[in-house]
Participant: 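Got a structure here, written out as C-alpha cells. Questions coming.
In the text below, chain A, chain B and the rest are named by the order of the sequence lines, each starting its count at 1. All heavy atoms count here, side chains included; hydrogens, waters and symmetry mates do not.
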Amino acid sequence: MAVNQALAAVLEDMAKMMELLGENSFRASAHARAARTVEGLAEDVSTLAGDKARLTSLDGIGSGMADKIVEFCTTGRIADYDAMKAKVPAGLLEIMQVPGCGPKTVKAMWEAGITDIAGLKRAIEDGSLLKLPRMGEKAVAKIKEALVFAAASGQRTWLGKAAAAAEVFVSRLKELAGVVRVEPAGSLRRGKDTIGDIDILVSIEDGTEKQMAAHAHAVAEAFRSTPGVVQVIASGEGKSSVRYSLDGGQGRWKPEPNPEKGESLPPTPPGGPSIQVDLRVLPRASFGSAMMYFTGSKEHNVRLRERAIKMGYTLNEWGLFPLDGNEKPPQQRGVKPVASETEEAVFKALGLPWIPPTAREDRGELDHQGPWKLVDLSDIKAELHSHTTASDGALSIVELAEEAKRRGFHTIAVTDHSQSSSIANGLKPDRLRRHIAAVKEADEQVKGITILAGSEVDILADGSLDYKDELLEQLDVVVASPHAGLTQDPATATKRLLKAISHPLVHILGHPTGRLVLRRPGLSPDMAELFAAGREHGVAMEINAHWMRLDLRDLHVRAAMDAGCLFAIDCDVHERDDFDNLRYGVATGQRGWLTAERCINTWSAAKLHKWLKAKGRGGT
DNA sequence: GCCGTTTTCGGCCCGACTGTTTTCAGTCG
C-alpha cells in the first residue's frame, strides 16, 4: 500500500505541474484522477503491474497511464515526471497549497522570479507582488493572511474532532428564527476518516423575499460570531467561510501584524490548530439538490452530472433541470426543476435509488443494483471489545454493562488487556482467572443483558498469542490484536497476523493494522491473504470505531466484503463516552459497503452466542 | 490522457464569489 501512496503522490504532483506549465487541463485532471484510483486500490498496485489488461480496466487508467504505472513499479521512477521536475521548482508546488494561489497565479509568480514560500513572503514585503497582473491590494492582503494559516490549512483533522466542531455550529444555528433544518454535509457526512473542512447547510423557511433575506442574514451573523471562530474568510448572504479553533479558542483573533513587536506578517493565531467551516443558506425548495452538491464527493458529483446530461438534464445545486441548450443557468431563468427538494427525488429522476452519503465516492455506486442495504447504527446490538478498571478502562464491569444495556445492547463482552500490555495494566493469568469469575458474577447480577468474559489478547511479534490455550479456552470471546512491533515489514506482519487468524480460539482480529489516523501508519500486511484466511477460519475482522483508529479502514472493509469475511464493529470502550464513537465505525463499514448480516454485532443474542461457542470446538 | 446510450475523434460538470475590472479571469468546492 505504501507503493500506492507513493505513486499517487507522483501522479498528483504531475497533475499540479501540468497545470503550472499551462498544459492541457484535461490531461492534468486525467493524472489527478489516476492518482485517486491508485490511492483507492485495496491491493498493492505493483501486484497488478504485470497485467496491463487489469490496469486499463480500472477507472481513469488507459493505455498510456498503465505504461507509466508499470514504469514506476519496475524502475521506481517515471521519466515524464523527472523531466517535469527538472523544469518546475519544487517550491512552486508548495505555494499552490496556499489558498488563493491557483495555477495561473503561481505561474505569474514564477515568471516574476518567485519560486518558493520564502520568495513569496519577500515579494509581499517589498511590494513587488503588487506588480503582478490582476494582483491588487486586497489580493495581496488575502495571500498574506492565507500564509499565516497555510501550515494548518493543508492539514486534515480527525473525524471525531470535526464532528464535535460541527455540532457547536449546528446546535447554535438550529435555535434561530426561520431556520427549518441545519445539516453538516461534505466529507463529514460521508464519514471519511479525515476531514479537510466542514460544510454546514441551513434551510430557511418560505416567506417573502425580504423575510427570507432577513433570516439568511441573521444566520450568517450568528455563524460568523460563534465563539471559537478565529478568522472570517468570506461573508456573503448565501455563503460564509470562517476558521474555527479546534482547541476551543475563545473570542475573535485579529489577523493584523503588530509593528511594535517588529511583526510584518500577522502573528500565529491563538488556540492552535483550526479548521475551515463553510456555511450555505438556502431556500427549502433546493435543499435536496444542495445537500447532494455539498455532500459530494466531487468525483461522485461529476459522475452524477455526466449521467444527467446523458438523460437530457443538467444538475446543479439548485436542482435537476431539463437540458434546453440555453447558456444562462436555468434557475436564473425561472425554469422549474424536475427535482430539487429532496435527495430521494433527485436520485429517482436520475433513475437511481437513494445512495447513502457514505457510499458517494465514485467507487462504482452508480452501477449498484437495487436498493442499498448497508449496516445501520440502529442494527448494532452488541459490543464485543471493552475495557474495565481491571486494565486501563474507567468503568467497573457492572457500570460498563449498565451503560451497554442503556444503549439497547443485548450483549457486552469484557475484554481487558493481556499480560504483555503492561502499560495498559494487562492481566497476568491469575488475575484473568479471577476476572473471569467476577464477570460471571456480574452477569448473574445485572439482568437484561449478557456479559461475556473475554480478553483483548496481544498478538506477539511472532504471531503467537499472549496466553496459553488452556486459559483462552475459558473465555467466551477472544479478540486478538497487535499492539507492539507495529513497524514490522509487510512480509513479517503478514505471517504474524496469519498465524493469529488461524489460531482455533480467536474470534475477532482487533484493529488489524494498528494504525492511528494522521499519526501512525501501522502494519501493511498483504490484506488479500489476511481476508482469505479470515474467511477460511471464520474470524471476524474488526472495524475499531474510535475515530483515532478506524481500523480496518474503508477500502479494507470493501476488500474484505468481497472476500466474504465477517466483521465486528466495536468501540474499544475505555470510558462511558466511547460508546458514542459507534457511529464512526458504522460509517466506516458503510464506506466499505458492509451489510448488516455480515456484521456479527447485528446478530440476535442466540445467533451471536452460538457462533462464539462454536469456536475451538470444531465448528465455525 | 481518458473514453464511448449520438462518438475511435472530439468532447471532457457547474455555479458562486472575489477582485480587478468596466465584461471577466481565477479560484474554489
Participant: Suppose you measure atom P in dC14(B) against the same atom in dC9(B); what distance do you get, rounded to whole Å?
Facilitator: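 Nearest-Å result for dC14(B) against dC9(B) at atom P: 25 Å.
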Participant: Atom pairs, N/O to N/O, protein against nucleotides 2-9 of chain B, distance under 3.5 Å?
Facilitator:
from	atom 1	to	atom 2	distance (Å)
dC2(B)	OP1	Gly62(A)	N	2.8
dC2(B)	OP1	Gly62(A)	O	3.2
dC2(B)	OP1	Met65(A)	N	2.8
dC3(B)	OP1	Gly60(A)	N	2.9

Participant: Do Glu175(A) and Arg172(A) meet the salt-bridge criterion of a basic N to acidic O distance under 4.0 Å?
Facilitator: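 No.
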Participant: Reckon Lys68(A) touches a base, only the sugar-phosphate, or nothing at all at heavy-atom distances under 4.0 Å?
Facilitator: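 Answer is sugar-phosphate: Lys68(A) comes under 4.0 Å of backbone atoms only.
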Participant: Whole angstrom is fine here: how far is it from CD in Glu306(A) over to C1' in dC12(B)?
Facilitator: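 About 7 Å, once rounded to whole Å.
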Participant: Is Arg307(A) touching bases, backbone alone, or none of the nucleic acid, heavy atoms closer than 4.0 Å?
Facilitator: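 If one applies the 4.0 Å heavy-atom cut-off, Arg307(A) turns out to touch nothing in the nucleic acid.
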Participant: Considering Watson-Crick and G-U wobble pairs with both distances under 3.5 Å, what does dT8(B) pair with?
Facilitator: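 Result: none.
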Participant: Under 4.0 Å: is that the gap between some side-chain N or O of Trp318(A) and OP1 or OP2 of dA16(B)?
Facilitator: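 So the side chain of Trp318(A) is within the cut-off, an N or O lying under 4.0 Å from OP1 or OP2 of dA16(B).
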Participant: Under 3.5 Å, side chain of Asp44(A) to main-chain N/O of Thr47(A), donor-acceptor pair present?
Facilitator: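 It does not hold such a pair.
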Participant: Would you call Asp199(A) and Arg189(A) a salt bridge, taking side-chain N to carboxylate O under 4.0 Å as the test?
Facilitator: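 Result for this pair is no, no salt bridge flagged.
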Participant: With sequence neighbours left out, what residues match Asp13(A) under salt bridge (charged side-chain N to carboxylate O under 4.0 Å, His left out)?
Facilitator: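 Asp13(A) satisfies salt bridge (charged side-chain N to carboxylate O under 4.0 Å, His left out) with no other residue.
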Participant: Return the value, rounded to whole Å, for the distance between atom CZ of Arg303(A) and atom P of dC12(B).
Facilitator: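 Computing the Arg303(A):CZ to dC12(B):P distance gives 14 Å.
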Participant: Under 4.0 Å between any heavy atoms, over every strand shown, what does Ser25(A) touch: base, sugar-phosphate, or nothing? Just pick one.
Facilitator: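 The residue Ser25(A) makes no contact with any strand.
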Participant: Please report the distance, rounded to the nearest Å, between CG in Asn301(A) and P in dC28(B).
Facilitator: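 After rounding, the gap between these two atoms is 18 Å.
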Participant: Within less than 4.0 Å of OP1 or OP2 of dA16(B), is there a side-chain N or O belonging to Gln332(A)?
Facilitator: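 Yes, such a contact exists.
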Participant: Give every pair of a protein N or O atom and an N or O atom of nucleotides 18-20 of chain B that lie under 3.5 Å apart, one pair per line with the distance.
Facilitator:
from	atom 1	to	atom 2	distance (Å)
dG19(B)	N2	Arg134(A)	NH2	2.3
dT20(B)	OP1	Gly136(A)	N	2.7
dT20(B)	OP1	Gly136(A)	O	3.2
dT20(B)	OP1	Glu137(A)	N	3.4
dT20(B)	OP1	Ala139(A)	N	3.2

Participant: Just the rounded figure in Å: distance from P of dG1(B) to CD of Glu19(A).
Facilitator: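 Rounding to the nearest Å, CD of Glu19(A) and P of dG1(B) are 15 Å apart.
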Participant: Classify Asp197(A) by what it touches in the nucleic acid, base, sugar-phosphate, or nothing, heavy-atom distance under 4.0 Å.
Facilitator: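 Counting heavy atoms under 4.0 Å across all strands, the contact made by Asp197(A) is with sugar-phosphate only.
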Participant: Could you measure between the two P atoms, the one in dA25(B) and the one in dT20(B), and give it in whole Å?
Facilitator: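 Going atom to atom, P in each nucleotide, I get 16 Å.
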Participant: If you measure from the P atom in dT27(B) to the same atom in dT21(B), how many Å do you get, rounded?
Facilitator: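 The answer is 15 Å between these two P atoms.
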Participant: Counting only heavy atoms not in Glu137(A) (residues, nucleotides, ligands), do more than 12 fall under 6.0 Å from its CD?
Facilitator: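 No, because the 6.0 Å sphere around CD of Glu137(A) holds 12 heavy atoms or fewer from other groups.
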Participant: Is Glu167(A) salt-bridged to Lys174(A), cutoff N-O under 4.0 Å?
Facilitator: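 No.
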Participant: Figure out the CD/P separation between Glu23(A) and dG1(B), and round it to whole Å.
Facilitator: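 In whole Å, dG1(B) P and Glu23(A) CD are 8 Å from each other.
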Participant: Between dT6(B) and dG11(B), how far apart are the two P atoms, rounded to whole Å?
Facilitator: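 Those two atoms are separated by 15 Å.
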Participant: Could you give the CD1-to-P distance, from Ile143(A) to dC28(B), as a whole number of Å?
Facilitator: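 Taking atom P of dC28(B) as the reference, CD1 of Ile143(A) is at 10 Å.
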Participant: Map Met18(A) and Asp199(A) onto DNA chain B by nearest heavy atom, then report which one ends up closer to the 5' terminus.
Facilitator: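 Result: Met18(A).
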Participant: Rounding to an integer number of angstrom, what distance separates dT8(B) and dG1(B) when you compare their C1' atoms?
Facilitator: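 Nearest-Å result for dT8(B) against dG1(B) at atom C1': 14 Å.
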Participant: Any side-chain to backbone donor/acceptor pair from Ser289(A) onto Gly319(A)? Under 3.5 Å, distance only.
Facilitator: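 Checking the backbone N and O of Gly319(A) against the side chain of Ser289(A), a donor-acceptor pair under 3.5 Å is found.
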Participant: Which nucleotide wins on minimum distance to the side chain of Pro329(A), given the candidates dT27(B), dG15(B), dC12(B)?
Facilitator: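 Looking only at heavy atoms from C-beta outward on Pro329(A), the closest nucleotide is dG15(B).
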Participant: Does anything in residues 56-83 of chain A form a salt bridge (Lys or Arg N to Asp or Glu O under 4.0 Å)? List the pairs, not counting sequence neighbours.
Facilitator: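 Every pair satisfying salt bridge (Lys or Arg N to Asp or Glu O under 4.0 Å) with a residue in residues 56-83 of chain A: Lys52(A)-Asp67(A), Lys68(A)-Asp80(A), Arg77(A)-Asp82(A).
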Participant: Let me know the distance between NZ of Lys298(A) and P of dC14(B), rounded to the nearest Å.
Facilitator: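 The answer, rounded to whole Å, is 12 Å.
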Participant: Taking only residues two or more places apart in sequence or in another chain, which ones pass ring-ring contact (aromatic ring centres under 6.0 Å, His included) with Trp110(A)?
Facilitator: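 Expected list: none.
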Participant: Take the protein atom CG of Leu132(A) and the nucleotide atom C1' of dA25(B), then report the distance between them rounded to whole Å.
Facilitator: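 Computing the Leu132(A):CG to dA25(B):C1' distance gives 15 Å.
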Participant: Could Lys348(A) and Glu344(A) be called an ion pair, given the rule that one side-chain N must be under 4.0 Å from one carboxylate O?
Facilitator: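 Answer for the salt bridge query: no.
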Participant: Check every atom of dT27(B), dC12(B), dG15(B) against the side chain of Asn316(A) and return the nucleotide holding the closest atom.
Facilitator: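 Out of dT27(B), dC12(B), dG15(B), the nucleotide with an atom closest to Asn316(A)'s side chain is dG15(B).
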Participant: Suppose we screen for salt bridge (charged side-chain N to carboxylate O under 4.0 Å, His left out). Which residues come up paired with Asp554(A), at least two apart in sequence or across chains?
Facilitator: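 Counting only residues at least two positions away or on another chain, Asp554(A) forms a salt bridge (charged side-chain N to carboxylate O under 4.0 Å, His left out) with Arg363(A), Arg591(A).
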